[in-house]
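The chains referred to below are lettered A, B, ... by the order of the sequence lines, with proteins before strands, and numbering in each begins at 1.
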Number of protein chains: 2
Amino acid sequence: MLTDERHAVIQNLLHKSGIVKTQDLMNILNCSESTIRRDLDQLEKEGYLKRIHGGAKRIYQLDEELTTQEKSSKNIQEKQIIGKFAASLIEENEVIYLDAGTTTLAMIDFIQVGNITVVTNGIQHASLLSDYHINTILLGGNIKASTKAMIGSTSLRNLESYRFDKAFIGINGIDQEFGCTTPDPEEAAIKKLAIEQSANSYIVADQSKWNKVNFVRVCDIDDVSIITNLGDLDLTSYRENTTILEAK
Amino acid sequence: MLTDERHAVIQNLLHKSGIVKTQDLMNILNCSESTIRRDLDQLEKEGYLKRIHGGAKRIYQLDEELTTQEKSSKNIQEKQIIGKFAASLIEENEVIYLDAGTTTLAMIDFIQVGNITVVTNGIQHASLLSDYHINTILLGGNIKASTKAMIGSTSLRNLESYRFDKAFIGINGIDQEFGCTTPDPEEAAIKKLAIEQSANSYIVADQSKWNKVNFVRVCDIDDVSIITNLGDLDLTSYRENTTILEAK
DNA sequence: TAGATTTGATTGTTTTTGAATGAATTTGGT
DNA sequence: ACCAAATTCATTCAAAAACAATCAAATCTA
């Protein structure tokens, strides 16, 4: 990895998130602390960033940032915990399917391994993945305005031509009897096909999704593993029929 | 492998990725380090690149590599004027192709007619179009991180299956002799195909694009109509070979 | 074939990198 | 508010990688 390459990546990350940590950069760029430190030094001298304890921050301010309130809201924290755990399952050289949805979106910030290919039907997901220079393929087709997910027959046809090592799927309801369900039939069709095309499939779902039934069935609970945060739920009855991975 | 051949390959790679490594070039071109070094030396002297430790980088900054902020604030009024005029050409029931790019993005706010279908390779475009509840199809495939445009063979295959009434294409350079040119070969391929698939094609270009030549040719100026704001340019010599529509 | 040009290997030098050290800063508990 | 532990920081140094310069062998050209 060349100096200028590293600098470009650092500036990109900085532009996107406003702050970068030395430790994260070490992982992302696969080099030593000293090198990162020297990079940050140099970029600071050139006026591209401001060094702070533990990393560096953007020198200018964007006004679209989330407030700390929004960031620390319980819901988002749960998604981050689940996202981090789910991302840790991804291994080098794998081909991943990433379903549209906020929990899967949270995964992206925690993807550490290099040389993976991610196929997704989420527009924001694809955009963010490409910011991280992760090899990204977005399904084509129609857009669902409310969720910015690609849906419809074209997307299905696109999806058909891929095979995945792991698929991470968002869901609206999980129920012992009715399995995993979601409100939109077209989104359900995509999820269903993605699970079929993948060697291993994981449902990511915070605790609010348990014991809920929605309109369209995506899969049975024994077709997949479920990544969740337990909270104060008792899921022993589910454990007989499916694998539950607890994120914490 | 001839010297000029190697130079061409090096410049190609450089245009594509912005940076090349000596070691990679050795493998790709199958020659010694010394030879690569000499090539880079020479190309630097001729002003085609800048040598850096470990390889070389592009000497100029691509327009597309400016941050979204910088881009959208650049020539914003011109883009709005051109966008408004271009959007007024769209008629009820038409199928439109909208190329990725900031000028075409500006068009979307001015689309008035209903019941149209828009196919696009721009992620932001698709997102914004769907916000307006315009029937939108996004091409699938790989993403170019800097411009958030869909590119590559999958996108081309997706694109092949559509026919358009009108295509609106962004471009980086327009020149009497070399026609319409753009820096990225993969983006050029998409533009080229879109023009082929469309009954009528319009280039949208503010005045900064005139009399510029970029890397890859997209089309001749007599293949398309050009929508621009004249400013203080004299384009009489162009008018013999192409249709120029003035936005004001 | 002779001369010119290009290439690849070798040399010693410079730059970059990663690890180690102790100093400075932040964090968490009292 | 204070102290102790844990991080992070700046500096130094040796190893590794990339560099420029040189020269003989290979290739091209007239």
Could I get a table of every N or O pair under 3.5 Å where one atom is in the protein and the other is in nucleotides 12-14 of chain C?
none

[X] has an atom [atom1]; how far is it from atom [atom2] of [N], in whole Å?
X: Met26(B); N: dG8(C); atom1: CE; atom2: C1'; result: 10 Å
X: Leu40(B); N: dT7(C); atom1: CG; atom2: P; result: 13 Å
X: Leu25(B); N: dG8(C); atom1: CG; atom2: P; result: 14 Å
X: Glu5(A); N: dT17(C); atom1: CD; atom2: C1'; result: 16 Å
X: Arg37(B); N: dT7(C); atom1: CZ; atom2: P; result: 15 Å
X: Ile36(B); N: dA9(C); atom1: CD1; atom2: C1'; result: 15 Å
X: Arg51(A); N: dA24(C); atom1: CZ; atom2: P; result: 16 Å
X: Asp39(A); N: dT17(C); atom1: CG; atom2: P; result: 7 Å

Apply the test side chain to side chain contact (heavy atoms under 4.5 Å, CB included) to residues Gln197(A) and Tyr162(A): give CA-CA distance (whole Å), side-chain angles for both, the deciding distance (0.1 Å), then the verdict. CA-CA 7 Å; Gln197(A) 310 280 73; Tyr162(A) 303 108; 5.8 Å; no

OP1 or OP2 of dG8(C) sitting under 4.0 Å from any side-chain N/O of Thr35(B)? yes

Reading DNA chain D 5' to 3', which nucleotide is the first, and which the last, to come under 4.0 Å of any heavy atom in chain B? dA18(D) to dA20(D)

Toward the 5' end of DNA chain C, by each residue's nearest nucleotide, Leu2(B) or Ser34(A): Leu2(B)

Which heavy-atom pair separates Val9(A) from Ile28(A) by the least distance, and what is that distance? CG1-CG2, 4.4 Å

Student check: side-chain heavy atoms of Asp184(B) and Val216(B) closer than 4.5 Å: no

Any chance you could lay out the side chain to side chain contact (heavy atoms under 4.5 Å, CB included) test for Met26(A) and Cys31(A), step after step, and finish with the verdict? CA-CA 5 Å; Met26(A) 282 172 59; Cys31(A) 60; 5.8 Å; no

SB check Glu186(B) Lys144(B) (cutoff 4.0 Å): no

N-O pairing of Glu91(A) and Lys166(A) below 4.0 Å: yes

Once salt bridge (Lys or Arg N to Asp or Glu O under 4.0 Å) is applied, do any residues pair with Asp131(B), and if so which ones, sequence neighbours excluded? Lys148(A)

When you measure from the side chain of Asp223(B) to the backbone N and O of Asp220(B), does any donor-acceptor pair fall under 3.5 Å? yes

Is Thr103(A) reaching over with its side chain to a backbone N or O of Lys79(A), donor-acceptor style, under 3.5 angstrom? no

Under 4.0 angstrom, heavy atoms only, what part of the nucleic acid is Ile52(A) near: base, sugar-phosphate, or nothing? sugar-phosphate

Would you indicate what Gln42(A) reaches in the nucleic acid, counting non-hydrogen atoms under 4.0 angstrom: base, sugar-phosphate, or nothing? nothing

